[in-house]
Amino acid sequence: MKNQAVNDQIAGTTHASAGFDEMVRPDGSIRPAYQKLADWLSQQSRGLMAKKQEEAEAIFRRLGITFAVYGDSASNERLIPFDLIPRIISAKEWRFLERGIEQRVRALNAFLYDIYHRQEIIRAGRIPAELITSNEAFLPEMIGFDPPRKIYSHIIGTDIVRTGENDFFVLEDNLRTPSGVSYMLEDREAMMHLFPELFSAHRVAPVERYPELLRQTLESVAPQSCQDDPTIAVLTPGIYNSAFFEHSFLADQMGVELVQGSDLFVEDGALYMRTITGKEKVDVLYRRVDDAYLDPLTFRPDSSLGVPGLFDLYRAGRVTIVNAPGTGIADDKAVYAYVPDIIEFYTGQKPILQNVPTWRCAIKDECAHVLQNLETLVVKEVHGSGGYGMLIGPHATKAERAAFAKKIAAKPSNYIAQPTLSLSTCPSNVGTRVALKKGSLVVNSSQGGGTKDTWVLED
Amino acid sequence: MLGRTAASLFWMSRYIERAENIARLTEVGYRIALTPDIGSGHREDWQSTLVAAAGLNPYLERHAAITPEKVQHFLLFDRDNPSSVRSCLETARNNARAVRTALTREMWEALNSTYIDFTAVKASDLGSGKLPEFLDWVRQRSALFRGSMLGTLLRDEGFHFGQLGAFIERADNTARILDVKYYVLLPTNESVGGDLDAFQWETILRSVSAHRSYRHVYKDRYRPWNIAEFLILRQEMPRSFRFCYGWIERSLEGLSEILGQSPQSRHDSSAILSDLKNASMDEIFQSGLHEFLSAFIKRNNDLSSRIAHDFHFL
């Protein structure tokens, strides 16, 4: 009976009935983690949810939580669609994910250290040498350099999808300059403001300590030469960057300066920021600028986003750059297919989290398979990120697929392919406004995806 | 504090103040246009408005003739006019975004919602007498922003840079309004002043929202001599040179205390303030009102550059 009410409440809100439903079992009963939420939902009127949705949008609009979408000039700053219904993960599920993520991140950092030092994994024949040497994400400038604590990627974004009760897949790893954490924090703020009663009914693991933990992480990797409390700064490309809100938010929450390249300069073997009294030394730079733009003397000479001389300073151990340059070699889409091998090689364990099955077009047989099955596959550029330049086979026209096939044939090593997964669904409140293109399979904040609060329940 | 942060706070504040002043000037222009009695004054007065808004040349580069609709559009909505209310709000907001964390939530919300609401207004929405209401709204939003700043912002460096931007802009604006109409304020005009002059005098006072406070201070009819004194030397008039420099002085003093050093700009502002304290209208009129105003505008600008230099605005 209760379930019927819930289904009425969320009628027309769930999609793709074929996938795993995170809230409702096939027999119509509610999964335990969602039970209280379902009870609560069944008591709310549709009007109330619509009103709360408007309230949430007003909150976000006023706070300036927007995400610029590149190539969309009409709405340079767009509000990220926010969904009122939380996704709930049980304590047990989270423990599993946490172990899996930790294993993966440790292995990838060990891989980065190895790749920029003795390259044992290549010597052992576990990955082909050309995968690294001919890869644009490999930075020869990093060879032989030991970053503080041998950590390359301090902040990572592991994209995980779910297809069943116990089936979680890692879609991709983001080890360069992952973004999105401010939405987690602000979504939680908004939810606590909008639905305080739900929080008293659930034991939701808090997320508020993130900025403090980030600050501690950054302090822990200060250069050895730094004797006092290290000075930290967040480096942003500026207000027109799609994630500027987050850069500014994190700097504020950590109580550190938000700087642009033009605020920084190198002098007498140290990095300084220009202040109203002259200059102040910077020890740790949490940069949200891509490798190529960090230092025009070492990388792209036409870049004005970075700081001339920064990289030499980094290699001399006078400043720490977080994440380290060159981490892209570990989240490259061609390398992704080898991550299970990488985990086994460095940890001696089987991977806890599975990869999505991936065909590498660089390998002849696999490429043939991809070209024959384009209508069922998602094809991605190996070096692309953020969901730009990909083919979603089932949604593409015949002509689009043919055009893409030509691109693949011309440069096979540039592509990988994966099956479209039957993604899990969970209830969402989409009655008022739908900002996503209907049926889009790409969910990425750079492409105008949406957010919702995720609750990890405590036992 | 980063030099760029200081610069952004300074310019954010300056542009909000400018948006308010442009709205005020437009309102005066609109009132004049509604007053048929002054005959040929119409065209000229919109021209004066453009001059006071420092926009005559940019306007004439785009438009052959001065018409009320075009001038209003130019002053309020034109994206290519860097001093249109729209551009001012956008520049202020971009500066605010860059230093979002140096602002309080109230300040950001006041500015951000103003910008968002403004962009939803189209020039064509403002027909049939809706303009004054809209201009009122712009002024209210500017007041809301300043009120949020005064009421919520920590009195640290950031506050002082905000104050400096606002008062340097305000002093500049008052000086421009006076300079556009300096000739109707010359003492020789007083004896011959007819209805037209009285109207012009009132216009000047209205552009700085002072047509009523004038009566309280002078308990007299409008006299050009008093009007000039009111806007230049009276410290109780919140848009006078003297008042603005009182605040500029206080903020530079505050910055010197916080930073433990006394920059050149502080000495420069003290010199300007002391000149204003010691000045008399007699001397100003004798040496030439226009010359005095031009010199003040230049000194005010120089101080702005000096501040940018002293505090490493980049």
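Just so we're clear, the structure is a prediction, and the values are computed from it rather than from any experiment. Here is the naming used below: chain letters follow the sequence lines, and residue numbers restart at 1 for every chain.
- For A:Asp229, there are no side chain to side chain contact (heavy atoms under 4.5 Å, CB included) partners two or more places apart in sequence or in a different chain.
- In this structure, no portion of A:Thr236 lies under 4.5 Å from any heavy atom of chain B.
- Note that the OG1 atom of B:Thr5 and the CE atom of A:Met273 stand 9.5 Å from one another [nearest 0.5 Å].
- Heavy-atom distances place no part of B:Phe313 under 4.5 Å from chain A, backbone and side chain included.
- The number of heavy-atom neighbours closer than 6.0 Å to OH of A:Tyr293, taken from other residues, nucleotides and ligands shown, is 12 or below.
- Interatomic distance, CZ of A:Phe244 versus CZ of B:Arg100, reported as 10.0 Å (0.5 Å rounding).
- To the nearest 0.5 angstrom, B:Asp310 atom CG is 11.0 Å from A:Ile276 atom CD1.
- Between A:Gln260 and B:Arg4 there is a side-chain heavy-atom pair separated by less than 4.5 Å.
- Listed for the B:Arg97 side chain is a donor-acceptor partner under 3.5 Å among the backbone atoms of A:Ile239.
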What's the verdict on side chain to side chain contact (heavy atoms under 4.5 Å, CB included) for B:Leu2 and A:Val259, showing C-alpha distance, side-chain angles and the deciding distance? CA-CA 8 Å; B:Leu2 293 178; A:Val259 299; 3.7 Å; yes

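- Heavy atoms from other residues, nucleotides or ligands lying under 6.0 Å from CD of A:Glu267 number more than 12.
- Contacts of A:Gln253 with chain B are absent, with no heavy-atom separation under 4.5 Å from either backbone or side chain.
- The number of heavy-atom neighbours closer than 6.0 Å to NE2 of B:His309, taken from other residues, nucleotides and ligands shown, is 12 or below.
- The side-chain contact (heavy atoms from CB on, under 4.5 Å) with A:Thr277 is formed by just one residue from the set B:His312, B:Gln261, B:Met1; it is B:Gln261.
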